[in-house]
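All values derive from a computational prediction rather than experimental measurement.
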Amino acid sequence: MVRRIDVTGAGGVRLAAWEFTDPPKIDGGLEGGEQRPGVLLLHGLMGRASHWADTARRLSARHRPVALDQRGHGRSEKPADGPYDREAYVQDAIVAIEQLDLAPVALVGHAMGALTAWQLAARRPDLVSALVICDMRASALGAASQREWTEWFRSWPVPFATLADVRKWFGEDDPTLERPRPARGEFFAEVMAERADGWRPVFSRRQMLTARETWVHDAHWEELAQVTCPALVVRGLDAELGRAEAQEMVRVLPRGAYAEIPDAGHLLPWEKPDDWCAAIEPFLNAATLPA
């Protein structure tokens, strides 16, 4: 079952949240008739809530997972003038938790969504029971990184004639790839929509650069150190987050833990879904379920 839930985000921006499982019920498979604890899944830059469907379904036996299309993404509103800053994304997630009655919630974030998750956990510990950080760096990426992304966006051969062309370019032909990654092609096929002239992204690349500009120049270690709930840092062996930095993040987190998935890159939840869920499920169970 897929159910859309409308959420009013910061500044009145319309957001779409999605449950890819049956609605919550008081049995939920837990002893004592307790309601399943909430999990809010936050995608990364250019992602969408539907990317989390498989993870959500796997977690649903013992949790209530909800995925949020963040502003500028998926079916949520894409205001021309934003804002697309850190404050807006964090506040959107806070109001989603409150409006959907998910607190205390476990936050699972990928890339930009992970940064939003730990900034939220640092600011509102009362709302958060646990945190999963998937392939997001705490160090500043810098101006060179933003220029590289600008050039990368310009290299896209948009519009794509077919979805097969989307899968092939992002999974094989993109010059930034070191080796073919079919899961990457599937990931990007899911964020394309057919227009009169072909297939184009459902997001604005200009807005994505605007959103990214608000975090790449700053380091985020101080906020990481303010996260008091149990936190798991997950990286793929070939991911953007290096092992040394990931382990330093675990050291900085007051209650940090670490998991590494071999033969996986930045999109590890979709490249290695079984290994991904095997890493996060025991952690979420221990952090959120009654002993």
Side-chain angles (χ1 to χ4, degrees), residues 5-18 38-49 51-52 65-79 81-141 146 203 207-233 241 249 252-256:
I5 311 169
D6 292 326
V7 173
T8 302
V13 171
R14 296 185 301 277
L15 305 174
W18 303 85
V39 177
L40 183 65
L41 299 147
L42 298 172
H43 61 74
L45 194 71
M46 302 181 294
R48 65 185 306 169
H51 282 138
W52 289 118
V66 177
L68 180 68
D69 272 332
Q70 296 174 82
R71 62 175 58 212
H73 297 76
R75 296 293 182 88
S76 287
E77 191 175 357
K78 305 168 179 64
D81 299 323
Y84 293 103
D85 55 17
R86 292 283 78 223
E87 175 65 26
Y89 282 105
V90 171
Q91 191 59 38
D92 284 347
I94 289 173
V95 299
I97 293 167
E98 294 174 339
Q99 291 177 29
L100 299 174
D101 193 26
L102 291 172
V105 69
L107 299 174
V108 177
H110 175 249
M112 180 193 75
L115 177 58
T116 299
W118 88 60
Q119 290 178 328
L120 192 163
R123 180 186 302 187
R124 292 292 306 273
D126 58 306
L127 295 180
V128 184
S129 60
L131 170 67
V132 175
I133 297 169
C134 179
D135 203 42
M136 181 62 194
R137 299 182 60 185
S139 298
L141 302 180
Q146 190 73 350
F203 50 80
Q207 290 177 351
M208 297 301 98
L209 287 172
T210 298
R212 194 173 187 273
E213 183 76 28
T214 65
W215 86 72
V216 296
H217 302 289
D218 300 318
H220 307 284
W221 295 99
E222 184 176 347
E223 292 158 311
L224 204 65
Q226 295 170 1
V227 175
T228 57
C229 66
L232 176 67
V233 177
L241 174 62
M249 290 169 65
V252 168
L253 284 159
R255 301 171 68 185

If we ignore hydrogens and angles and just use 3.5 Å, is the side chain of Asp135 paired with the main-chain N or O of Leu241 as donor and acceptor? yes

Nearest non-hydrogen partners of Ala114 and Gly109, listed with the distance: CB-O, 3.3 Å

Other residues, nucleotides, ligands: >12 heavy atoms within 6.0 Å of Asp81 CG: no

Would you check, one step at a time, whether the test side chain to side chain contact (heavy atoms under 4.5 Å, CB included) holds for Leu131 with Trp118? CA-CA 7 Å; Leu131 170 67; Trp118 88 60; 3.6 Å; yes

Apply side chain to side chain contact (heavy atoms under 4.5 Å, CB included) to residues Leu224 and Ile133 and explain how you reach the verdict. CA-CA 11 Å; Leu224 204 65; Ile133 297 169; 3.9 Å; yes

So, the side chain of Gln146 versus the backbone of Leu209: is there a donor-acceptor pair under 3.5 Å, distance only? yes

Apply the test side chain to side chain contact (heavy atoms under 4.5 Å, CB included) to residues Asp6 and Arg14: give CA-CA distance (whole Å), side-chain angles for both, the deciding distance (0.1 Å), then the verdict. CA-CA 7 Å; Asp6 292 326; Arg14 296 185 301 277; over 6 Å; no

Side chain to side chain contact (heavy atoms under 4.5 Å, CB included) for Trp215 and Leu141? Distances and angles first, verdict last. CA-CA 8 Å; Trp215 86 72; Leu141 302 180; 4.3 Å; yes

Check whether any side-chain N or O of Thr116 sits under 3.5 Å from a backbone N or O of Val90 as a donor-acceptor pair, and report yes or no. no

Exam field: side chain Gln207 to backbone Pro79, donor-acceptor pair closer than 3.5 Å: yes

Return yes if some donor-acceptor pair links the side-chain N/O of Gln70 with the main-chain N/O of Gly113 below 3.5 Å, else return no. no

Would you say Arg71's side chain and Ala10's backbone share a donor-acceptor pair under 3.5 angstrom? yes

Closest non-hydrogen atom pair, Met208 against Met46: SD-N, 3.8 Å

Taking every heavy atom of Pro83 against every heavy atom of Ala88, the minimum-distance pair comes out as O-CB, 3.8 Å

So that I can tick it off, tell me whether Arg86 and Glu223 are bridged by a salt bridge, with the cut-off set at under 4.0 angstrom between side-chain N and carboxylate O. no

